[in-house]
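Residue numbers start from 1 in every chain, and the chains themselves are labelled A, B, ... in the order their sequence lines are given, proteins ahead of strands.
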Amino acid sequence: MSDARDYKATLNLPKTAFPMKANLAQAEPATLARWERGGIFAAVRAARQGAQPFVFHDGPPYANGDIHVGHMLNKVLKDMVVRSALLEGRDCHFIPGWDCHGLPIEHRVMTDLIAAGKAAKLDALPEDTRRMAIRRECAQYTEKVIRKQSQQMQRLLTLADYAAPYFTMQPSYEAATLEVFAGLLEQGLVFRQLKPVHWSIANRTALAEAELEYEEREDPSVHVDFEAVDPAAVGAAFGVECECTPSFMIWTTTPWTLPANLAIAVHPRYRYALVEMDGALTVVATELLPKVQAAVGASDVRRIGEADGAALLGLQYRHPFCAREGRIVGADYVTLEDGTGLVHTAPGHGEDDYRTGLRESLDIYCPVRDDGTYDDTVPEWLRGKSVWDANALVIDSLERSGHLVKAISFRHSYPHDWRSHTPVIFRATEQWFIGVDRPARRSGESLRKMAIDAVETRVEFVPAWGRNRMRGMLESRPDWCISRQRAWGLPIPAFKLPGGAAFLTAASVRAVARVVAEKGSDAWFTLSPADLLAGYDAAKDPDAPAGLDIAALQKMHDIFDVWFEAGSSWHSVLRTRGIGFPSALYLEGSDQHRGWFQLSMLPALGVTGEPPFSALVTHGFLVDRDGRKMSKSLGNALDVETLLKDFGAEVARWWVSSAPYENDIRIDTDYFRLAGESYRKVRNTLRFLLSNLFDAPAWSIDEAHRLAAAAPRETLDRWLLGELAALEADVRAAFRGFDFRRAHLAIFHFCNETLSAAYCAAVKDRLYCDAADSPRRRSTQAVMRMAVEVLCRLLAPILPHTAEEAWRALHGENAPLLFTQVHVGIDAPRDPRWQSVMDACTAVSKALEAAKQRGIENPLDAAAILPDPQGVLEPFAAELADACGVSRVRLDRSIAAVEIEDLRSEPRCERSWRRDGTVRARTDGGMLSDRDARAVGV
RNA sequence: GCGCCAGUAGCUCAGCUGGCUAGAGCACACCCCUGAUCAGGGUGAGGUCGAAGGUUCGAGUCCUUUCUGGCGCACCA
């Protein structure tokens, strides 16, 4: 009967099974298992049967190694797209894919084979058998990696058709890729041409960049004078008279490529000087003159004239030892770092030279055979000689003919074959290309033009600068070399005719595609040309060569660039599986502007005339906290598995959603700790809502909505409903615009400020102290119920596990899957008058802070007197004390600032701890306010 | 070297077409609550807006240069 009377038992205190601690590392796998048991993807799709499809296509990651944080970022962003589309009621059949072929896997497998001592045995096998053996190893390895990566991606709680993914090595996929190729052939966009590649003389094969090792090597470095054909023309270019024949001086470290010299490149914007150097008239870049003078040891140098590189274009020179003339061409890759500013150009022996050669219509001339010796087109004294022996011979010849200015020995790093450790050369070989400037038969437009048009008018870019970037890349991109000389890939189904020419037509490719669809691309290695072309009828093929004899054909051995396979996925997956075309968007790292985006667009435009996507969303790269790129060697790479173990996928996803993905993103375990904190805040807010619904009636969502909306406009409940509606609209719009960060911030702000700091704090008193079934308390519960319903859905794309956990806490273990639901769609206007109430609350907080000086430390020991000159607050009078957290509030039209009244001398309700002025002794002996007395029935 | 992007409080970021003392959140400090409690609330202190020029009545916001970092491309003849 004393003041120690315990009213706690009479309060409606919150109860919930939704735990405060998420324990994500353990709870997530359980959720995954439950999803798997319930066949979540099939269930969700069934719920969306007949709904408007949302076509979204996964770019295939390369099937090598474990997933890294970059995969995590990409896959989680995609998952937020998939899940938010589902919540909008769209049917999204998202198929995860993997890029399976290619050198890194072959390289990896070969390394293992060599380590296992099997390489020599392999080399002894016949060609097709050897390739098949390698391919079998590669396929096994790739399958293993895919299984592992698939698990890792699912562990990120991503939702996709993991039961039926696509692999670029699936027979159906391979066949569809060949169909795309056939389509391009039909459009006249495929051709075969010489192109320089890294060539291993020891292994007589082309090598890719990854197969090169750079080693130190000593090479001769020579300065050579090339005599001008027309001294007068040179003189004119420099505005002087030439008394003797001027030369153009070049510098090279590969004298053996000089027999293939067809041009000299200058930079049109650089200045070039005509100089008299130790008696000889020669041209070098003005800026390099001192360097050249030092390099060749010239003692007497006199400048005769000067001109722009542009003025030299078209001038001709005599090759020093081959019977032909070359000309000066322009090239912007010419630098003033070393050399003479005039670059020896051999289109058959260098990438740049090659491109210049194409532009200038030069021969892609390569007099070097696959064994590294010269053919018969070179001067007699070089024929049959190895290029390495040729260096000395060439220098000797130049010396004797007086063209050599200076020869020295030069140490530099030079590419070597990673297997034989012998130096490689650049050598032009025949390759297959997709031409970007050839007219497509359909429209007469080139791929380049179609692509630039598409980028400019038909594709949305997020962020917008991607458009410029991609346009720039398209404007300058060369023809696409699609052939590779490897084993692990999709064969280019070309045959060699007896005369040596290639046989490859749309119809022949389709015939092979039918075989591949059934037997996979291994068929190319195991079947004869006749079997491969069993379904081919030359009589019906307008492109068939005359007198084709299938029995005389030989298979060729190039495989496709893996980008061609990945770049065909819009057909191999979207069209072949009936998902829809084009995709609403592709979402990848910004490096894919040159990669998958561009290399998907070119085949799609070629075959269909349409770009394969309507929008491109790109994200930046993850860098460490100092902005440096992640790399194993720097030791700053974060490990996905460790992150998941320490923080859980949900915290990782919460962090991803907060990242400004359009730029590079700094990542660090500290940021995950931070994300964990804010995740906890959201979780606890949800928990508070759920825990106060423990005794709420089992309203349907519509009933709860009606009840909440029925409260007077001046109640906190209506305020919250308006905020909730605004949040829902804002977050949904953010998801639609792929602005996950905005969604994240809006949700967090709502949980942290609107709910936790404002609403929950304000309504605690009525929830706990009002009679359990009082209309005021039920109204609040109805609003809270709506808040949980809405928040579960808004959070679901970001935090699928937590959202569903809350959803199940609300609806029970047998609740339908959250992802079969759609957004609630609350329609409640925001009442601008609330702003004044919120401002008043802030003012009260500040005034209370000051009142602590007077000893008023607990807000419930205070009354607030609020200035209300316009009477704006008047209608809200009944809610102000709760909103401000004080015992009571009085309005005064005549004061200018908030005043705090000390209530410590007034009696305090033993149940609600408030001093609201109605507190007095009751029949049970306790000191209670009117409301509390009624609630306990005394 | 070329193209694109970014550089705002200790950290992560807002600041639209230039205009009131540059805003959040987290972290930090101090305080309240102890009936959301391995929770909750309040108040506060933090910034030469990468640097240097320039345009303008006025620039974080426009222009130029420069530094740092990222992506892509090229180069190593």
Side-chain angles (χ1 to χ4, degrees), chain A residues 7-9 11-14 16 20-21 214 221 250-254 257 261 264-265 331-340 342-346 349-353 355 412-415 426 463 465-473 475-477 589-595 618 620-623 625-629 655 658-660 662-666 668 670-671 673-675 677-678 680-681 684-685 687-692 741-742 745 748-749 752-753 756-758 760-761 764-765 767-769 841-842 844-846 848-850 852 856-861 885 911-913:
Chain A
Y7 283 105
K8 191 166 172 175
L11 296 170
N12 317 301
L13 291 181
T16 179
M20 180 138 57
K21 260 192 78 135
Y214 286 78
S221 141
I250 60 99
W251 175 71
T252 180
T253 55
T254 52
T257 62
N261 173 284
I264 291 175
D332 54 13
Y333 54 80
V334 175
T335 67
L336 296 175
E337 271 156 35
D338 16 49
T340 62
L342 291 97
V343 176
H344 152 54
T345 298
H349 289 299
E351 180 68 33
D352 266 339
D353 308 40
R355 216 163 296 150
H412 61 157
S413 114
Y414 190 86
F426 239 103
W465 51 259
R467 189 187 308 276
N468 272 336
R469 187 170 198 213
M470 195 149 168
R471 191 200 298 115
M473 290 176 171
E475 279 164 358
S476 65
R477 75 149 298 135
S590 59
D591 56 336
Q592 300 303 331
H593 281 117
R594 187 166 283 275
T618 55
F621 280 69
L622 294 173
V623 295
R625 62 181 308 149
D626 301 316
R628 254 165 268 282
K629 78 165 159 197
W655 173 78
S658 74
E662 48 278 87
N663 296 320
D664 289 328
I665 306 158
R666 288 164 194 257
D668 191 82
D670 274 355
Y671 305 161
R673 254 186 282 285
L674 233 66
E677 295 290 316
S678 85
R680 245 194 5 240
K681 184 67 190 232
N684 274 320
T685 306
R687 180 168 182 269
F688 182 80
L689 299 177
L690 288 167
S691 66
N692 281 292
R741 181 182 162 73
R742 200 176 106 211
L745 290 173
F748 181 73
H749 184 264
N752 194 31
E753 305 292 320
S756 188
C760 295
K764 245 162 139 170
D765 173 77
L767 284 169
Y768 296 175
C769 305
C841 291
T842 308
V844 169
S845 291
K846 288 189 209 289
L848 281 170
E849 202 64 30
K852 283 178 183 165
I856 307 170
E857 295 199 316
N858 186 336
L860 287 179
D861 290 340
R911 186 163 176 273
S912 66
W913 301 336

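With its glycosidic angle within 90° of 0, B:G46 adopts the syn conformation.
Base contact: A:Arg911 has a heavy atom under 4.0 Å from a base atom. At a threshold of 4.0 angstrom between heavy atoms, the contacts of A:Pro463 with the nucleic acid are absent. At the heavy-atom level, A:His344 lies under 4.0 Å from the strands shown only through sugar-phosphate atoms. Using a 4.0 Å heavy-atom cutoff across all strands shown, A:Ala757 reaches sugar-phosphate atoms only and no base atom. At the heavy-atom level, A:Ser590 lies under 4.0 Å from the strands shown only through sugar-phosphate atoms.
A distance-only check finds no donor-acceptor pair linking the side chain of A:Asp664 to the backbone of A:Gly620 [under 3.5 Å]. Distance alone, capped at 3.5 Å, places no donor-acceptor pair between the A:Thr254 side chain and the A:Thr252 backbone.
Residues that satisfy the ring pair (Phe, Tyr, Trp, His ring centres under 6.0 Å) test with A:His344, not counting sequence neighbours, are absent from this structure. In this structure A:Asp591 satisfies the side chain to side chain contact (heavy atoms under 4.5 Å, CB included) test together with A:Phe621, sequence neighbours excluded. With sequence neighbours left out, the salt bridge (charged side-chain N to carboxylate O under 4.0 Å, His left out) criterion links A:Asp765 to A:Arg914, A:Arg931. Among residues two or more places apart in sequence or in another chain, the salt bridge (charged side-chain N to carboxylate O under 4.0 Å, His left out) test is passed with A:Arg673 by A:Asp670. In terms of the ring pair (Phe, Tyr, Trp, His ring centres under 6.0 Å) criterion, residue partners of A:Phe426 (sequence neighbours excluded) are, by chain and number, A:His198. Scored by the salt bridge (charged side-chain N to carboxylate O under 4.0 Å, His left out) test, A:Glu677 finds A:Arg680 as partners (sequence neighbours excluded). Under the side chain to side chain contact (heavy atoms under 4.5 Å, CB included) criterion, A:Glu849 pairs with A:Lys852, sequence neighbours left out.
Look at CG on A:Leu13: it is 18 Å from P on B:G40, rounded to the nearest Å. Summarising the geometry, the separation between CG on A:Leu11 and P on B:U34 is reported as 13 Å, rounded to the nearest angstrom. If you measure from atom CZ of A:Arg594 to atom C1' of B:C2, you get 12 Å, rounded to the nearest angstrom. Distance, A:Met470 CE to B:C73 P: 13 Å, rounded to whole Å. In this structure, CZ of A:Arg666 is placed 10 Å from C1' of B:G70, rounded to the nearest angstrom. Atom-to-atom, CG of A:Asn684 to C1' of B:G41 comes out at 14 Å; the value is rounded to the nearest Å. B:C33 atom P lies 8 Å from atom CG of A:Asp861, rounded to whole Å. Counting to the nearest Å, the C1' atom of B:U34 and the CD atom of A:Glu857 are 15 Å from each other.
For B:U34 and B:G19, the C1' atoms lie 49 Å apart once the distance is rounded to whole Å. Comparing the C1' positions of B:G58 and B:A74 gives an interatomic distance of 44 Å, to the nearest angstrom. Between B:A9 and B:G50, the distance separating the two P atoms is 8 Å to the nearest Å. Taking atom P in both B:U55 and B:U61, one finds a spacing of 15 Å when rounded to whole Å. Annotation: B:G18 and B:C75 have their P atoms spaced 42 Å apart (nearest Å). Rounded to the nearest Å, the gap between the C1' atom of B:A59 and that of B:G15 is 13 Å. Using atom C1' as the reference point in both B:A24 and B:U8, the two lie 13 Å apart (nearest Å). With both ends at atom C1', the span from B:A22 to B:C16 equals 16 Å, rounded to whole Å.
When both pairing distances are held under 3.5 Å, B:C28 makes a Watson-Crick or G-U pair with B:G44. The partner of B:G60 is absent, by the rule that a Watson-Crick or G-U pair needs both atom distances under 3.5 Å. With a cut-off of 3.5 Å on both Watson-Crick or G-U wobble distances, the partner of B:G72 is given as B:C2. B:U55 makes up no base pair with any nucleotide shown, lacking Watson-Crick or G-U wobble contacts both under 3.5 Å. For B:U17, there is no paired base (Watson-Crick or G-U wobble, both distances below 3.5 Å). Under the Watson-Crick or G-U wobble criterion, with both distances below 3.5 Å, B:C38 has no partner in any strand shown.
Residue A:Ser756 places at least one side-chain N or O closer than 4.0 Å to OP1 or OP2 of B:G41. Here A:Lys764 reaches the OP1 or OP2 of B:A36: one of its side-chain N or O atoms lies under 4.0 Å away. Look at A:Lys846 and you'll find a side-chain N or O under 4.0 angstrom from OP1 or OP2 of B:G44. Note on A:Arg680: a side-chain N or O is less than 4.0 Å away from OP1 or OP2 of B:A39. Remark: A:Tyr768 is not in phosphate contact with B:G35, judged by side-chain N or O atoms under 4.0 Å from OP1 or OP2. Under 4.0 angstrom from either OP1 or OP2 of B:G35 there lies at least one side-chain N or O belonging to A:Lys8.
The OG1 atom of A:Thr16 lies 5.0 Å from the CG atom of A:Leu690; values are rounded to the nearest 0.5 Å. Taken from CG in A:Asp668 to CG in A:Leu622, the straight-line distance is 11.5 Å, to the nearest 0.5 Å.
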Grab the N/O contacts between the protein and nucleotides 4-9 of chain B below 3.5 Å, and write none if there aren't any.
unit_1	atom_1	unit_2	atom_2	d
B:C5	O2'	A:Asn663	OD1	2.9

Which atom pairs link the protein and nucleotides 22-28 of chain B when you take only N or O atoms and keep those under 3.5 Å?
unit_1	atom_1	unit_2	atom_2	d
B:C26	OP1	A:Asn752	ND2	3.4

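Each of A:Asn858 and A:Thr254 has a nearest nucleotide on RNA chain B; the 5'-most of these lies closest to A:Asn858. Map A:Gly472 and A:Asp353 each onto its nearest nucleotide of RNA chain B; the residue landing nearer the 5' end is A:Gly472.
Ranking B:U12, B:U34, B:A36 by closeness to the A:Phe688 side chain, first place goes to B:A36.
Under 3.5 Å, the side chains of A:Asn468 and A:Arg471 contain a donor-acceptor pair of N or O atoms.
In this structure, A:Pro660 and A:Ile665 approach most closely via the heavy-atom pair O-CG1, 3.8 Å.
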